[in-house]
There are 2 protein chains.
Amino acid sequence: MDSKRNSGLKEQILNASRLLLSQEGYRNFSLRKVARDVGVSATSVYLHFDSKDHLIHTLMEESIDYLNGKLEEVSIRQLEPIQKLQALAYEYVSFALQYPKEYQILYMAGTGEMARYPKDKFRKVRQGYEIVTRAIEEGVDRGLLDETQPRITAYTFWAQLHGVMSVVLSRRLDNRIDRNEFIEQAIDHIIYGFHVRTAIEAD
Amino acid sequence: MDSKRNSGLKEQILNASRLLLSQEGYRNFSLRKVARDVGVSATSVYLHFDSKDHLIHTLMEESIDYLNGKLEEVSIRQLEPIQKLQALAYEYVSFALQYPKEYQILYMAGTGEMARYPKDKFRKVRQGYEIVTRAIEEGVDRGLLDETQPRITAYTFWAQLHGVMSVVLSRRLDNRIDRNEFIEQAIDHIIYGFHVRTAIEAD
DNA sequence: GGCGTTGGTTAACGGTGTTAATTATTAAGT
DNA sequence: ACTTAATAATTAACACCGTTAACCAACGCC
């Protein structure tokens, strides 16, 4: 009925979903609302997505791909391992702050949505871990870090960051605390916790 | 129809809810299922709870109270600040591992449920932070820790722990990694990340 | 013309939270 | 013992949800 017959309905659905999901959360997110927002019948969503889950997972995958790209960019920069880890942390934080809708969709997901996330796409989820693991291994090789199991450390690193941003974005942060200061100190703590020998001796 | 007419229906509802919620997640949790499980009509739930949210929040509050109690116990023990922080961390982890159902209900909650959590009950949520903050302040006073803003550090501490357990319990942990080893190392990192003075010099 | 393919529709099914009206059961008062 | 009030539970209904099936309209192609 519009000028063009199908001016990227799929994209329209994704945009409306992104907005609705971040605004009203998973609980109040419904296909029928999405359909209403884009001015189309509810069942039309099924022309582009197999299910509500498929739609949500598409949204998640978008963000994962974007974030992975950003991390990869940082990863190939010629940086000292410690600075690289720091840069990775800030890149992650930047994504969360710059695209809160997208990040929230990811981090609001909770166990439920994650459990239903298709297994064959978990490769991408792991990609972030791989990048961090490589940076840590590099640090270990150069004698800057004393981590016996870089893979575990990578998980710890990621988990801590996730926890930090989870607190920041869910209003659980005491409002007497400045957000940026909190983030800076948190990242500082996380990096400092990685047994950085030279940093201590050099200071 | 049973022997006793109402043998703690409220408690039965809570038990069934705990189970269902942890097993099927928030997504597939429904009052009607709960009602069916306890063998009662769906609307009977409303005799004891104002809404689905109220039921869920009651469950959350239970766990928060329990955990706060455990943390308080640790807190009044006569321990050196560093050991106290470590003990608090392990208490938190123990709760998560010993009562995974309850912990999952809390940590699966995500932003949505948390946003709807009644404001006047957030005092209790903060209690955990207060306990950690006190421990850190004690460490600072005794010259054991070098933290300029204990409150921020407390939030960091908590956030990191949350992140770690979030990874552990949501199967996002690579299965080549031993769970306990991961947890130990993570806590080690977290504590070590707190600029610990004597620990470095004494070692 | 006829034909299938694409992009969309409406109708319907079983399930959901929640409310209103209704019935059974218990406790109290006199 | 009989009435009254409160309590505990029920059934019926509403509006919404994800999903499926059946249908319809426009287009390209022969």
Side-chain angles (χ1 to χ4, degrees), chain A residues 1-60 105 108-110 112-113 115-118, chain B residues 1-60 105 108-110 112-113 115-118:
Chain A
M1 201 52 66
D2 285 354
S3 54
K4 272 198 290 180
R5 188 165 143 78
N6 168 16
S7 62
L9 178 60
K10 184 168 183 177
E11 211 56 42
Q12 281 181 259
I13 291 175
L14 284 173
N15 289 336
S17 298
R18 229 184 323 260
L19 193 61
L20 234 87
L21 207 42
S22 64
Q23 275 178 348
E24 312 202 26
Y26 280 92
R27 178 75 172 278
N28 294 103
F29 175 75
S30 90
L31 293 185
R32 292 174 128 105
K33 277 183 196 164
V34 172
R36 203 178 308 140
D37 280 9
V38 310
V40 88
S41 189
T43 52
S44 288
V45 176
Y46 288 86
L47 296 174
H48 297 281
F49 303 95
D50 297 339
S51 64
K52 186 182 185 180
D53 273 345
H54 184 210
L55 169 56
I56 291 172
H57 292 153
T58 304
L59 241 31
M60 293 171 77
I105 289 171
M108 276 193 323
E113 320 295 333
R116 286 193 302 276
Y117 199 73
Chain B
M1 202 52 66
D2 285 355
S3 52
K4 272 198 289 182
R5 187 166 142 79
N6 169 15
S7 62
L9 178 60
K10 183 168 183 177
E11 211 57 42
Q12 281 180 259
I13 291 176
L14 285 173
N15 289 336
S17 299
R18 229 183 325 259
L19 193 62
L20 233 87
L21 207 42
S22 64
Q23 275 177 347
E24 312 202 25
Y26 280 92
R27 178 75 173 278
N28 295 104
F29 175 74
S30 91
L31 292 185
R32 292 174 129 104
K33 277 183 197 164
V34 172
R36 202 179 309 140
D37 280 9
V38 311
V40 87
S41 188
T43 52
S44 288
V45 176
Y46 288 85
L47 295 174
H48 297 281
F49 302 95
D50 296 340
S51 64
K52 185 182 185 179
D53 273 345
H54 183 209
L55 168 57
I56 290 172
H57 293 153
T58 304
L59 241 30
M60 293 172 77
I105 289 171
M108 276 194 322
E113 319 294 332
R116 285 193 304 275
Y117 198 73

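These numbers come from a predicted model, not from an experiment. Per chain, numbering begins at 1; letters A, B, ... match sequence-line order.
Comparing dG18(D), dT16(C), dG8(C) by their nearest atom to the side chain of Lys33(B) picks out dT16(C). Candidate nucleotides dA8(D), dG8(C), dT18(C) were compared by shortest atom distance to the side chain of Ser51(B), and dT18(C) ranks first.
Per the geometry, CD belonging to Gln12(B) stands 14 Å off C1' belonging to dA9(D), to the nearest Å. Taking atom CG of Asn28(A) as the reference point, atom P of dC17(D) lies 9 Å away to the nearest angstrom. If you measure from atom CG of Leu9(B) to atom C1' of dT7(D), you get 13 Å, rounded to the nearest angstrom. Atom CG of Leu31(A) and atom P of dT16(C) are 17 Å apart (whole Å). Remark: C1' of dT19(D) and CG of Leu55(A) are 14 Å apart, rounded to the nearest angstrom. With rounding to whole Å, His54(B) atom NE2 is found 16 Å from dG17(C) atom P.
Annotation: ring-ring contact (aromatic ring centres under 6.0 Å, His included) contacts of Tyr117(A) (sequence neighbours excluded): His57(A), Phe122(A). Residues passing the ring-ring contact (aromatic ring centres under 6.0 Å, His included) test with Phe29(A), sequence neighbours excluded: none. Under the salt bridge (charged side-chain N to carboxylate O under 4.0 Å, His left out) criterion, Asp53(B) pairs with Arg27(A), Arg116(B), sequence neighbours left out.
Of the side-chain N and O atoms in Arg36(A), one or more sit less than 4.0 angstrom from OP1 or OP2 of dC17(D).
Residues of residues 13-26 of chain B having a heavy atom closer than 4.0 Å to DNA chain D: none are found.
Each end of the helix from dG1(C)-dC30(D) to dT30(C)-dA1(D) yields a helix axis from five base pairs, and these two axes differ in direction by 20° (to the nearest 10 degrees).
Heavy atoms of Phe49(A) sit nowhere under 4.0 angstrom from any nucleic acid atom. Across all strands, Leu47(A) comes closer than 4.0 Å to base atoms (heavy-atom distances). Across all strands, Ser30(A) comes closer than 4.0 Å only to sugar-phosphate atoms, never to a base (heavy-atom distances).
Comparing Gly39(A) and Tyr46(B) along DNA chain C, the residue whose closest nucleotide (by nearest heavy atom) sits nearer the 5' end is Gly39(A).
Using a 4.5 Å heavy-atom threshold, the side chains of Leu55(B) and Leu14(B) count as touching. No side-chain heavy atom of Leu31(A) sits less than 4.5 Å from a side-chain heavy atom of Phe49(A).
In this structure, the separation between CG on Leu9(A) and NE2 on His48(A) is 4.0 Å, given to the nearest 0.5 Å.
Screening residues 31-47 of chain A for side-chain hydrogen bond (donor to acceptor under 3.5 Å, both in side chains), with sequence neighbours left out, gives Glu24(A)-Lys33(A).
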N/O-N/O pairs, protein side and nucleotides 11-14 of chain D side, under 3.5 Å:
unit_1, atom_1, unit_2, atom_2, d
dT11(D), O4, Thr43(B), OG1, 3.0

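The two residues Ala42(B) and Ala35(B) come nearest to each other via the heavy atoms CA-CB, 3.5 Å. The shortest heavy-atom contact between Leu20(A) and Ser30(A) is CD2-O, 4.4 Å. Of all heavy-atom pairs between Ile105(A) and Arg18(A), the closest is CD1-CG, 3.7 Å.
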